[in-house]
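A note on names: the letters A, B, ... follow the listed sequences, proteins ahead of strands, and every chain is numbered from 1.
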2 protein chains.
Amino acid sequence: MEQRHAAVLKAAGMKATPKRLAILELLEAESGYASPEELWKTLKGRFDRLGLPTVYRNLEELSESGVLTKVIHPNRQLYYYFCSNPEHHHHFVCLSCRKVEDIPSCGIDALEREVSIRNGGKVLSHILQLNGLCGGCAKKGEMA
Amino acid sequence: MEQRHAAVLKAAGMKATPKRLAILELLEAESGYASPEELWKTLKGRFDRLGLPTVYRNLEELSESGVLTKVIHPNRQLYYYFCSNPEHHHHFVCLSCRKVEDIPSCGIDALEREVSIRNGGKVLSHILQLNGLCGGCAKKGEMA
DNA sequence: CTCTAAATAGAAATGATTTCGTTTTAAAAT
DNA sequence: ATTTTAAAACGAAATCATTTCTATTTAGAG
């Protein structure tokens, strides 16, 4: 599996450093999204030296190359999520337990085309994210 | 028109202070979204005293009560937009000139229901925003 | 085994946003 | 109109997640 991650990094034109691999492994093992600081706290014990800026930098680079997904959180902090689904899709994120679930294809691509045509503009990107409570958290009525 | 804004504030349970009215008037006159600091710079000349924190606080309160719309910007700063369309809808925001255009109803409500039913969770909110260049900016090839 | 561009460290800076205790004000009540 | 009071505003200072900077280290190509 480390091979797999190394290949992903190589495909993204990034060196497969031990720290990057560790970040990917940790995030893949997580069922949900995590913050840079949380990842750093978990990982810094496994390396002689690991700086928080390194975690920030890698998460951002991995997000830019599409390996990780950035979560838009109401508290405006950064969170990242490892999603193995290579298809274009969107997410339902639980604000309580941080679980992330894929949501089925929506009509956004068609919507993008329509907006482009109607207004003559160019859609560069879109954000679609459902926020809420997953099944388990909804039952418990929890809200971290 | 000031009456109209005062009524909106009253309906939201907020006092119709001159500063709030000025913020609403300025934002309504804008064709696009604006940052707290930009609004503050424009408005502070019209009042003996106007603090930047006051602008932040009011924009956030107005956004919470639904009078203003918050724009999710890639640079992670706060921007607000006055949208007079009372129907639930979404926006296409130009990253260059900041114009905001309504986009037609999408299938999100149905999607929300489906996600709720399929996963047993509860969708509390959703984010849908198209980012891009409006017709004019796309032509000019501009990118502020 | 070099060599070099990319990656990392770590301290320091940044800067948007928020907090806090005080003062002022809108508007309800008299 | 005047009083009252809860809400709003002030503004200096704090916060703190995120970024920058320069020196050092390292992955991986040759």
Report task. Ignoring backbone atoms, establish whether Asn75(B) has a side-chain N or O less than 4.0 Å from OP1 or OP2 of dA16(C). Result -> no
Report task. Give the rounded distance in Å between these two atoms: CZ of Arg20(A) and C1' of dT8(C). Result -> 10 Å
Query raised in the report: How long is the line joining CH2 of Trp40(A) and P of dT18(D), in whole Å?
Result: 13 Å
**Report entry** Partner residues of Lys70(B) under the salt bridge (Lys or Arg N to Asp or Glu O under 4.0 Å) criterion, sequence neighbours left out
**Finding:** Glu60(B)
Requested in this report: Compare side-chain N and O positions of Arg76(B) against OP1 and OP2 of dA16(C) and report whether any pair is under 4.0 Å apart.
Outcome: no
Query raised in the report: Do Tyr80(A) and Leu78(A) come close enough that some side-chain heavy atom pair is under 4.5 Å?
Result: yes
Query raised in the report: Expressed in angstrom and rounded to an integer, what is the separation of Asp48(B) atom CG from dC10(D) atom C1'?
Result: 13 Å
Query raised in the report: Does a side-chain N or O from Asn58(B) land closer than 4.0 Å to OP1 or OP2 of dA9(D), or not?
Result: yes
Report task. Might you point out which heavy atoms bring Arg20(A) and Glu61(A) nearest each other, and give the distance in Å? Result -> NH2-OE1, 3.0 Å
Report summary line: Reading nucleotides 20-30 of chain C from 5' to 3' and marking B where a protein heavy atom lies under 4.0 Å of the base, S where only the sugar-phosphate is that close, and - otherwise, the string is ------BS---
Query raised in the report: So, His91(A) versus Tyr33(A), ring centres under 6.0 angstrom or not?
Result: no
Report task. Using whole Å, report how far CG of Leu21(A) lies from P of dG28(D). Result -> 9 Å
Query - Minimum-distance pair of heavy atoms, taken over all atoms of Met14(A) and Ser65(A) - result: SD-OG, 3.7 Å
Requested in this report: Evaluate the criterion salt bridge (Lys or Arg N to Asp or Glu O under 4.0 Å) for residue pair Arg4(A) and Glu28(A); output intermediate values, then yes/no.
Outcome: CA-CA 12 Å; Arg4(A) 191 164 38 85; Glu28(A) 187 173 26; 3.3 Å; yes
**Report entry** Gap between atoms CG and P, on Leu52(B) and dA16(C) respectively (whole Å)
**Finding:** 9 Å
Query raised in the report: Can a side chain N or O of Tyr56(B) be found less than 4.0 Å away from OP1 or OP2 on dT18(C)?
Result: no
**Report entry** Spacing of Leu59(B) atom CG relative to dA16(C) atom P, expressed in whole Å
**Finding:** 15 Å
Query raised in the report: Want to settle it: does Leu78(B) or Phe47(A) sit nearer the 5' end of DNA chain C, counting the closest nucleotide to each?
Result: Phe47(A)
Query raised in the report: Over how many whole Å does the gap from Leu9(A) atom CG to dT26(D) atom C1' extend?
Result: 15 Å
**Report entry** Nearest heavy-atom neighbours spanning Leu133(B) and Phe92(B)
**Finding:** O-CZ, 3.7 Å
Query - Gap between atoms CD and P, on Gln77(B) and dA16(C) respectively (whole Å) - result: 6 Å
